[in-house]
Amino acid sequence: MSPTTPRILAVANQKGGVGKTTAVVNLSASIAALGHRVLVIDLDPQGNASTGLGIDIRTLEHSVYDVLLHDIPIEDAVQSSSVANLFVVPANLDLAGAEIELVPAMGRETRLRRAVERVASDYAYVFIDCPPSLGLLTVNALTAAHEVLVPVQCEYYALEGLAQLLRNIELVNQNLNPTLQVSTILCQMYDSRTKLSAEVVADVRGHFGAKVLHTVIPRTVRIAEAPSFGKPVVVLDPSSVGAQAYRAAAKEVVDGRA
């Protein structure tokens, strides 16, 4: 059963290299495979979530940039992905200047929310892939979302920067979006050969308790290779350990542990 009210999740971590986009691509594909209609909104100028789901970002007629800056209806920017039930509002390098262009714009913090409200009822889940910064694009994502999913890398300094992210979420909660909450922490790039990975997971669980998914995502070559094929690892190699882990994490999100 799809949720009656769509779940809108901003996937955010200001620290780069934590596998944020990989989480968006594989969780959304796994949830779509369960029969839910899912929309991915790519808010990162690099467009990696778009290309990772098979979208050619060099030939876009409309992108999320046009939705935010030119008031193009979001449904005109939605594209089918390489996965059944999974749709994408893609991004490309046009978005790189959006942080600056949004500054003088009317209702600059709520532009994405207003756009998403037009189509939210068409989907069971909406994932917003945030850029690795805390500028106006991320504020737009946090204002549009109901929940925040934070991917955390199982490496030293994993919690670095999270305090600032949580402060920003609290500010958005107080001023723009009173329903926003951190619902889910996903530990990724877990290396079972090192003591450090286990210590980081224990540390994250100590800080965030039940918000941390039971499933941890291993560091594997197959996960790293998948984007070059324009497919999530859950589609490229469904039997791989990485794919199995993402499907298990997605099931936790759907079952409401998150």
query = Roughly how far apart are Ile74 CD1 and Ile72 CD1, rounded to 0.5 Å?
reply = 12.0 Å
request  = Supply the atom-to-atom distance Glu117 CD to Leu112 CG, rounded to the nearest 0.5 angstrom.
outcome  = 10.0 Å
ask   = Closest heavy-atom contact between Leu162 and Val150?
value = CD2-CG1, 3.5 Å
query = What's the spacing between Leu86 CG and Ser28 OG if we round to 0.5 Å?
reply = 4.5 Å
Check: Ala32 main-chain N/O paired with Asn85 side-chain donor or acceptor under 3.5 Å = yes
ask   = Taking the side chain from Thr138 and the backbone from Cys130, do they hold a donor-acceptor pair closer than 3.5 Å?
value = no
message = Using a 3.5 Å distance criterion without hydrogens, assess whether the side chain of Gln188 forms a donor-acceptor pair with backbone atoms of Val18.
response = yes
request  = Starting from the C-alpha separation in whole Å, work towards a yes-or-no answer on side chain to side chain contact (heavy atoms under 4.5 Å, CB included) for Arg193 and Arg219.
outcome  = CA-CA 11 Å; Arg193 298 167 302 178; Arg219 180 188 290 280; 5.8 Å; no
key: Nearest heavy atoms of Val67 and Ala115, plus distance in Å   = CG1-CB, 3.6 Å
query = Side chains of Leu39 and Val88: closer than 4.5 Å at any heavy-atom pair?
reply = no
inquiry  = For the CG atom of Leu159 and the CG atom of Asp203, what is their distance to the nearest 0.5 Å?
reply    = 5.0 Å
Non-hydrogen side-chain atoms of Pro232 and Leu53 separated by less than 4.5 Å = yes
ask   = CD of Gln79 to CG of Asp56: how many Å apart, nearest 0.5 Å?
value = 9.0 Å
request  = Please examine the side chains of Tyr246 and Leu27, heavy atoms only from C-beta on, and report whether any two atoms are closer than 4.5 Å.
outcome  = yes
key: Basic-acidic side-chain contact under 4.0 Å: Arg222, Asp237   = yes
query = Taking all non-hydrogen atoms of both residues, which atom of Glu109 and which atom of Asn140 are closest, and how far apart?
reply = O-OD1, 3.4 Å
inquiry  = Tell me whether Val221 shares a hydrophobic cluster with Ile223, the cluster being built from Ile, Leu, Val, Met, Phe, Trp, Tyr side chains joined at under 4.5 Å.
reply    = no
message = Before you tell me yes or no, could you show the steps for Val201 and Val204 under side chain to side chain contact (heavy atoms under 4.5 Å, CB included), namely the whole-Å CA-CA distance, both residues' side-chain angles and the distance that decides it to 0.1 Å?
response = CA-CA 5 Å; Val201 172; Val204 172; 5.8 Å; no
ask   = Between Pro73 and Arg118, is any pair of side-chain heavy atoms under 4.5 Å apart?
value = yes
Nearest atoms (heavy-atom pairs only) where His36 meets Ala124 = CB-CB, 4.0 Å
inquiry  = Would a single hydrophobic cluster contain both Val83 and Phe229, if residues Ile, Leu, Val, Met, Phe, Trp and Tyr are joined by side-chain heavy-atom contacts under 4.5 Å?
reply    = no
query = Are Phe208 and Met189 linked, directly or through other ILVMFWY residues, by side chains that come within less than 4.5 angstrom of each other?
reply = no
ask   = Can you tell me if Thr110 uses its side chain to pair, donor with acceptor, with the backbone of Arg113 under 3.5 Å?
value = no
request  = Would you check, one step at a time, whether the test side chain to side chain contact (heavy atoms under 4.5 Å, CB included) holds for Leu196 with Glu199?
outcome  = CA-CA 5 Å; Leu196 177 63; Glu199 288 172 350; 4.2 Å; yes
request  = Carefully, step by step, assess Tyr190 and Glu155 under the rule side chain to side chain donor-acceptor pair (under 3.5 Å).
outcome  = CA-CA 8 Å; Tyr190 185 90; Glu155 294 193 352; over 6 Å; no
inquiry  = Do Arg7 and Tyr125 form a cation-pi contact, if we require the NZ or CZ to be under 6.0 Å from the six-membered ring centre and within 45 degrees of the ring's axis?
reply    = no
key: Side-chain donor or acceptor of Glu99 paired with backbone N/O of Leu136 under 3.5 Å   = yes
remark   = Closest non-hydrogen atoms of Leu186 and Ala23, given as atom of the first, atom of the second and distance, are CD2-CB, 4.0 Å
query = Salt-bridged, Asp129 to Lys20, with N to O below 4.0 Å?
reply = yes
key: Exam field: side chain Arg111 to backbone Leu68, donor-acceptor pair closer than 3.5 Å   = yes
key: Interatomic distance, Asp42 atom CG to Asn92 atom CG [nearest 0.5 angstrom]   = 9.0 Å
query = Do Leu176 and Leu171 have side chains that get closer than 4.5 Å, going by heavy atoms?
reply = no
request  = Identify, with sequence neighbours excluded, every residue that meets ring pair (Phe, Tyr, Trp, His ring centres under 6.0 Å) alongside Tyr65.
outcome  = His70
request  = Please confirm whether the backbone N or O of Ser63 pairs with a side-chain atom of Asp66, one donor and one acceptor, at under 3.5 Å?
outcome  = yes
message = Do Val116 and Ile8 make a side-chain contact, defined as non-hydrogen atoms from C-beta onward lying under 4.5 Å apart?
response = yes
request  = Run the numbers on Gln181 and Asn173 for side chain to side chain contact (heavy atoms under 4.5 Å, CB included), then give the verdict.
outcome  = CA-CA 8 Å; Gln181 57 170 330; Asn173 184 270; 5.8 Å; no
message = Does atom CD (Glu61) have a neighbourhood of more than 12 heavy atoms from anything else shown, all under 6.0 Å?
response = no
inquiry  = Could you report the tightest heavy-atom contact between His214 and Arg205, atom names first, then the distance?
reply    = O-NH2, 3.3 Å
inquiry  = For residues Leu134 and Ile100: do they belong to one hydrophobic cluster (side chain heavy atoms under 4.5 Å, members Ile, Leu, Val, Met, Phe, Trp, Tyr)?
reply    = no
message = I'd like to know if the side chain of Ser197 and the backbone of Asp191 have a donor-acceptor N/O pair within less than 3.5 Å.
response = yes
message = Taking Arg247 first and then Glu252, would you say they form a salt bridge - that is, a charged N and a carboxylate O separated by under 4.0 Å?
response = no
ask   = Below 4.5 Å, heavy atoms only, C-beta onward: do Val40 and Ser81 meet side chain to side chain?
value = no
ask   = With the 4.5 Å side-chain cut-off for hydrophobic clustering, are Leu213 and Val216 part of the same group?
value = no
message = Contact between Val235 and Asn26 at the side-chain level, heavy atoms closer than 4.5 Å - yes or no?
response = no
message = If we count only N and O atoms by modelled type, under 3.5 Å, do the side chains of Thr143 and Asn177 hold a donor and an acceptor together?
response = no
